[in-house]
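First comes the structure, then the notes that go with it.
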Number of protein chains: 2
Amino acid sequence: MMQADESCELYRFLAQNKGFRQRGGSGSCSFPAAQSLSTETALPSPHDRALAALKNHKEAEKRRRERINSHLDKLRTLLPCNSKTDKASLLAKVVERVKELKHQTADIAELETFPSESDEISVLSGEESDDGRLLFKASLCCEDRSDLIPELNDILNSLQLKTVRADIVTVGGRIRNVLLIAANHHHSLESLHFLQNALKSLLERSNCSDRSKRRRLVIAHK
Amino acid sequence: MMQADESCELYRFLAQNKGFRQRGGSGSCSFPAAQSLSTETALPSPHDRALAALKNHKEAEKRRRERINSHLDKLRTLLPCNSKTDKASLLAKVVERVKELKHQTADIAELETFPSESDEISVLSGEESDDGRLLFKASLCCEDRSDLIPELNDILNSLQLKTVRADIVTVGGRIRNVLLIAANHHHSLESLHFLQNALKSLLERSNCSDRSKRRRLVIAHK
DNA sequence: CCCTACACGTGACAC
DNA sequence: TGTGTCACGTGTAGG
């Protein structure tokens, strides 16, 4: 473990190789580091400063290790594994869990919220997908009407966007669509703005007839 | 980095302190490690074996580090963070994510139970959330009716509570709602009582018409 | 005796 | 400058 720092022979070794010279024989192995720190308060020699820096460094590194390990221990309690599993295999399990979570939350995060009273559009630019495609989520909440879904389909088709998943909740004449949409490689973030505008005009077409003006536009980026 | 292993002075230092003796002066610093490995194939001296073991050890440790770091890199891609985030803060985020997952799965367990015959309200004050918000779960089981969900929404909106997740099971005219609700910072446990009372009056409004008195109130705290 | 996994101290590099 | 993070080689305990 090499706990006793001051008595460690490595220190003598390092001190010699650093051209250390102070109050005694230059090449001799007197090693007065400890005393010079405690008795001589004034004039911290460069050697002492280096030694102090080394100590700081050592302790900082220890704190860092402890921080990391505390997180690992917390993960150990959170996962189905005892306290004596490998650091590496623990992390492997963690990776599995996080992947799981990614799928689940991507699926069900916000799609089970009820339709709100106000009209809403949100396009959340998503994360890197599995096979290189860009996945993002679009949500549309408005008054329900029979031709809404077909029109939505038209918009997505014209933009060459593919609906990976759609979740629809209707209640009390209101509807909320949450779409998981895949964009291919020649799409840029520009496409998301196109989609936003298309959805916006879709809502306007719906509202221009008679509805009270209660539309609200929400644009969010992750 | 200390890449040049054979020329490192630490090696000489260690060799001296190990009582190493072979074919030359005992205390002298001849250090014939490299040659004895390459020229003398027979009779691996204990010193050579120790040196080989040290090399093996070194490489094994490197492999271990790489294994751990590869998992960490995978986590970096899975989480919303760039490739230059701290190892410690990365693990902190991972802990948050795994906690999230734990909540969700714990919730899923009981939310797929069928609606019971008796009316039930339960508000379970939940655990510390990821970003400081308080997450808790509210469950409502009663006779199904079309305006129930909108009224529920009104209640939550008026209390400024956000539905993170909603699970609904209806069977035979009965409905069970299990809501995962997020309260923000200026909410206290008082808000949960408000919610309880609101849900209670919601059920009473439903029952006052004609229903048989079979309501039962369940209040649970986790 | 391996071998594995861990904690430690240290040099290097970044801001 | 110091302050923090990382990779490395090493000592050491347990299988």
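Keep in mind the model is a prediction, meaning the values are calculated, not measured. Letters A, B, ... are given to chains in the order of the sequence lines, protein chains preceding strands, and every chain is numbered from 1.
Contact check, Lys87(B) against dA7(D): a side-chain N or O comes under 4.0 Å of OP1 or OP2. For dG2(D), one of the phosphate oxygens OP1 or OP2 lies less than 4.0 angstrom from a side-chain nitrogen or oxygen of Arg49(A). Using a 4.0 Å cut-off, no side-chain N or O of Asn56(A) falls inside it from OP1 or OP2 of dG2(D). Under 4.0 angstrom from either OP1 or OP2 of dA5(C) there lies at least one side-chain N or O belonging to Arg67(B). In terms of phosphate contacts, Arg64(B) brings a side-chain nitrogen or oxygen within less than 4.0 Å of OP1 or OP2 of dC6(C). A close approach under 4.0 Å does not occur between any side-chain nitrogen or oxygen of Lys62(A) and OP1 or OP2 of dG9(C).
The CG-C1' distance, from Leu91(A) to dA5(C), rounds to 13 Å in whole Å. In this entry the distance linking CG of Asp73(B) with P of dC6(D) reads 11 Å, nearest Å. Glu59(A) places its CD atom 12 Å from the C1' atom of dG9(C), with the value rounded to the nearest Å. Taking atom CG on Leu90(B) and atom P on dC6(D), their separation rounds to 9 Å, with Å as the unit. Taking atom CG of Asp86(A) as the reference point, atom P of dA5(C) lies 5 Å away to the nearest angstrom. In this structure, Lys55(A) atom NZ and dG2(D) atom C1' are separated by 17 Å, rounded to whole Å. Between the P atom of dT4(C) and the CD atom of Glu66(B) lies a distance of 14 Å, rounded to the nearest Å. Rounded to whole Å, atom P of dC6(D) lies 13 Å from atom CG of Asn69(A).
Looking at the side chain of His57(A), the nearest of the listed nucleotides dC6(C), dT10(D), dG11(C) is dG11(C). In this structure, of dT10(C), dA5(C), dT5(D), it is dT10(C) that holds the atom nearest to the side chain of Lys58(A). The listed nucleotides are dC6(D), dA7(D), dC6(C); the one nearest the side chain of Arg65(B) is dA7(D). Here dC6(D) is the nucleotide among dT4(C), dT10(D), dC6(D) with the atom lying nearest to any side-chain atom of Ile68(A).
Summary for the helix from dC2(C)-dG15(D) to dC15(C)-dG2(D): the axes at its two ends, each from 5 pairs, differ by 0° when rounded to the nearest 10 degrees.
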Report all side-chain donor-acceptor pairs from residues 69-81 of chain A shorter than 3.5 Å, counting only partners two or more places apart or in another chain.
residue: Asn69(A); atom: OD1; partner: Lys87(A); partner atom: NZ; Å: 3.4
residue: Asn69(A); atom: ND2; partner: Arg65(A); partner atom: O; Å: 3.4
residue: Ser70(A); atom: OG; partner: Arg67(A); partner atom: O; Å: 2.9
residue: His71(A); atom: ND1; partner: Ala88(B); partner atom: O; Å: 3.2
residue: Asp73(A); atom: OD1; partner: Arg76(A); partner atom: NE; Å: 3.4
residue: Arg76(A); atom: NH1; partner: Thr85(A); partner atom: O; Å: 2.5
residue: Thr77(A); atom: OG1; partner: Lys74(A); partner atom: O; Å: 2.7

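Judged by distance alone with a 3.5 Å cut-off, no donor-acceptor contact links the side chain of Glu61(A) to the base of dC8(C). A donor-acceptor contact under 3.5 Å is not formed by the side chain of Arg63(A) with the base of dG4(D).
In this view, Asp154(A) satisfies the side chain to side chain contact (heavy atoms under 4.5 Å, CB included) rule with no residue, not counting sequence neighbours.
Within the 4.5 Å cutoff, the side chain of Ile175(B) has heavy atoms near those of the Ile149(B) side chain. Using a 4.5 Å cut-off on side-chain heavy atoms (C-beta onward), Leu156(B) and Leu195(B) make contact.
Taking CD1 from Ile155(A) and CG from Leu202(A), the interatomic distance works out to 4.5 Å, rounded to the nearest 0.5 Å. One finds the NZ atom of Lys162(B) at 10.0 Å from the CG atom of Leu180(B) (value rounded to the nearest 0.5 Å).
In this structure, Cys141(A) and Leu203(A) approach most closely via the heavy-atom pair O-CD1, 4.4 Å. The two residues Asp119(A) and Cys142(A) have their closest heavy-atom pair at OD1-CA, 3.5 Å.
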